[in-house]
S.K.: 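Pasting in a structure now, in structure tokens, and then I'll have a few things to ask.
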Amino acid sequence: MLQIESLKVFHGPIEAVHGIDINVPEGKCVTLLGTNGAGKTSTLSSITGTARATGTIRLDGEDISRLSIEERCKLGIALSPEGRRIFANLTVYDNLIMGGATRRDKKQLTADIAAWFVQFPVLGERSSQRAGTLSGGEQQMLAIARALVSNPRILLLDEPSLGLAPQITAKIFEIIRDLKTLGMTILLVEQNASAAIEVSDYVYVLNTGTISSHGDASKFGDGTKLVDELTGVHR
Amino acid sequence: MDYVIQQVLNALSFGAEYALIALGLAIVFSIMGLVNFAHGEVIAFGGYSMIIVATLLTANPWVLMIGVLAFCVLASVVLERVAFRTVRRADLTTGLLTAFGVSIVLQNLFLLLGSPRPMAATQFIFLDQTLTLGNIRVSSLQIYETGATIIAIGLLMLFLRKTTLGVAMRAAALDFEMVRLCGIRANRVIAGAFAISGLLAGLACIFIMARRGSVAPHMGFDPVLTAFVACVIGGFGSLPGAVLGGFLLGITEVAVLVLLPQSYGGMAQAAVFTLVALILIWRPDGILSPALDKGDKI
Ligand SMILES: Nc1ncnc2c1ncn2[C@@H]1O[C@H](COP(=O)(O)OP(=O)(O)OP(=O)(O)O)[C@@H](O)[C@H]1O
Ligand SMILES: [Mg+2]
């Protein structure tokens with residue numbers, strides 16, 4: 001569904017990603033692993049259009065690399081960003097209204113928000129509360145829900161487990177697994193290798209802007225060897 | 001009793017005018033970090049366009065009022081499109097200088113095409129009559145101005161809470177890129193902010209003209225400077241802060257005039273700004289400066 005070829009991403013004069021290829025097939029969960037500064041967020045930014053990039057990015061065969069941020073969102077690319085970036089000054093409900101802003105069927109949108117509130121009861125209970133008052137885990141769920149209410153073709157998740165307690169992380173990965181069962185196409189960025197490998201079908205390992213290895217998730221086992229390799233630990 | 005009520009209304013109407021203009025500045029600043037000093041020229045443009053419409057089309061004051069509102073909205077949106085869109089990604093200073101430049105260019109255009117001296121525009125002075133309520137005599141203009149401002153603020157609050165575009169504007173004040181990532185067009189949000197700003201300028205224009213009975217090139221500039229101070233007191237970028245700052249400034253001005261002995265009349269401005277300085281020592285970012293809670297980022 002999403003095909004990326006010879007992608008280079010720039011921040012001003014700095015080239016953060018040096019020509020990578022990534023393929024995300026429909027209905028699959030693909031993970032991009034890498035240490036700090038590897039270029040994972042940069043890669044996602046080039047897909048959403050917030051970072052300058054060269055190369056081709058195709059969604060359903062159509063090159064979207066020239067489109068604006070807003071147009072890409074309308075084509076069905078939704079992002080749950082690094083650091084969550086929920087609208088702290090809006091209510092939980094209004095955050096979801098923002099997520100669904102591109103939808104024309106406002107009645108259906110209201111119904112969908114109600115359905116997500118069933119899926120994420122913690123959000124439903126706090127729907128009229130300011131989003132800034134939510135806990136970190138709740139904010140992460142809100143960021144994911146906000147991306148989902150747009151009914152995206154593909155969901156980009158940037159380090160959804162960042163800074164969360166182990167139980168909350170487990171809950172977030174459970175949500176990802178549920179989304180996969182529902183047929184959602186997911187591009188997941190993570191540093192938590194073992195949990196990410198477990199939910200995904202295919203894995204790319206990004207190392208200072210280039211892909212150092214990739215393959216079916218099963219090839220990476222539980223990820224410990226990979227972590228050792230990336231962090232330079234020899235057991 | 002008469003005197004007290006008159007002065008209270010006086011303070012409220014001054015405050016209302018500052019609050020209207022300060023809100024126009026704040027809504028644009030909160031979204032794109034631009035201090036729009038050309039806002040005053042939007043007000044003046046409303047005045048000149050009224051003279052043209054009154055000469056060419058109609059003398060009906062109600063039609064003229066709607067015309068002023070419409071022309072101010074138009075002027076504000078066109079200014080954004082022509083002058084500010086190109087410097088949207090530039091830093092704060094560039095935006096500020098652009099706004100000052102636009103302001104000076106427009107004032108000079110008004111000088112050249114209009115007249116350096118005030119032009120009579122008495123179409124709205126009928127709003128200013130002396131009303132006798134029981135045995136108290138008050139100015140109707142002050143009641144209209146205070147009332148219209150309160151209604152405008154209420155409608156703006158409704159808009160910002162109940163419509164998708166309004167909610168997007170509040171969200172954009174926090175994280176504009178995230179709003180774009182939700183598929184809401186940046187141009188729409190910014191044009192919306194300038195349109196609202198223009199509408200508020202139009203409302204202020206009507207009341208300024210009703211009071212002055214004339215139009216002049218700089219008629220908007222001084223009120224905008226005062227409104228700028230109101231924004232600073234209230235907390236720049238905060239809409240409630242702009243309203244609070246506006247009313248506080250109006251009330252202080254009138255209070256100083258009333259309380260200072262007549263012979264110290266010239267000290268009024270100095271007294272007001274001393275108070276402003278004291279407020280800023282107490283709260284350097286303004287009374288209601290937007291809280292820095294952007295949520296738990298990590
Ligand atoms: N806005 C920016 N300006 C300049 N350099 C940047 C910018 N954003 C990222 N970089 C640089 O690009 C490189 C890749 O950064 P990126 O954020 O994509 O890494 P990442 O893999 O997401 O890391 P992390 O796991 O820490 O989030 C880094 O060297 C970083 O310093
Ligand atoms: Mg990152």
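Order of the sequence lines sets the chain letters (A, B, ...), proteins ahead of strands, with each chain counted from 1. Everything numeric in this text was worked out from a predicted model, so none of it was measured.
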S.K.: Taking the side chain as C-beta and beyond, is there a heavy-atom pair between A/Phe87 and B/Val179 under 4.5 Å?
M.R.: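 Side chain of A/Phe87 against side chain of B/Val179, heavy atoms only: contact under 4.5 Å found.
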S.K.: CG of A/Leu79 to CE of B/Met178: how many Å apart, nearest 0.5 Å?
M.R.: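 Between atom CG of A/Leu79 and atom CE of B/Met178 there are 5.5 Å.
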S.K.: Does atom NZ (A/Lys28) have a neighbourhood of more than 12 heavy atoms from anything else shown, all under 6.0 Å?
M.R.: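 12 or below, so no.
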S.K.: Step by step, would you call A/Lys74 with B/Arg185 a side-chain contact (heavy atoms from CB on, under 4.5 Å)?
M.R.: CA-CA 10 Å; A/Lys74 278 180 194 132; B/Arg185 293 212 317 275; 3.8 Å; yes
S.K.: State, to 0.1 Å, how close B/Cys182 and A/Cys73 come at their nearest heavy-atom pair, and which atoms those are.
M.R.: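 Where B/Cys182 meets A/Cys73 most closely, the heavy atoms are C-SG, 3.4 Å.
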S.K.: Main chain of B/Ala186, side chain of A/Glu70: is a donor-acceptor contact present, judged purely on distance under 3.5 Å?
M.R.: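 Between the backbone of B/Ala186 and the side chain of A/Glu70 there is a qualifying donor-acceptor contact (under 3.5 Å).
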S.K.: Go through the atoms of A/Arg146 and report whether side chain, backbone, both or neither lie under 4.5 Å from a heavy atom of chain B.
M.R.: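 Just its side chain gets close to chain B.
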S.K.: Taking C-beta and beyond as the side chain, do B/Leu174 and A/Arg85 meet within less than 4.5 Å on heavy atoms?
M.R.: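 A side-chain contact is absent here, since even the closest heavy-atom pair is not under 4.5 Å.
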S.K.: Are any of the side-chain nitrogens in A/Asp94 or B/Arg170 under 4.0 Å away from the carboxylate oxygens of its partner?
M.R.: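 Yes, charged N to carboxylate O under 4.0 Å.
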S.K.: Tell me, out of A/Thr102, A/Asn95, A/Leu90, who's got the most heavy-atom pairs with chain B below 4.5 Å.
M.R.: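 Answer, by heavy-atom pair count under 4.5 Å with chain B: A/Leu90.
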S.K.: The criterion is side chain to side chain donor-acceptor pair (under 3.5 Å); which residues satisfy it with A/Asp178, sequence neighbours excluded?
M.R.: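 Per chain and number, A/Asp178 pairs via side chain to side chain donor-acceptor pair (under 3.5 Å) with no residue.
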S.K.: Just by modelled atom types, is the B/Ala171 backbone N or O under 3.5 Å from a matching donor or acceptor in the A/Asn89 side chain?
M.R.: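 Looks like no, no N/O pair under 3.5 Å.
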S.K.: As a quick check of understanding, evaluate side-chain contact (heavy atoms from CB on, under 4.5 Å) for B/Thr164 and A/Met98, giving each step before the final call.
M.R.: CA-CA 7 Å; B/Thr164 304; A/Met98 287 294 95; 4.0 Å; yes
S.K.: Who wins among A/Ile69, A/Val149, A/Thr50 for the most heavy-atom pairs under 4.5 Å with chain B?
M.R.: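 Between A/Ile69, A/Val149, A/Thr50, the count favours A/Ile69.
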S.K.: Applying the side chain to side chain contact (heavy atoms under 4.5 Å, CB included) criterion to B/Leu181, which one of A/Thr48, A/Ile77, A/Leu156 satisfies it?
M.R.: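 Result: among A/Thr48, A/Ile77, A/Leu156, A/Thr48 is the only option passing the side chain to side chain contact (heavy atoms under 4.5 Å, CB included) with B/Leu181.
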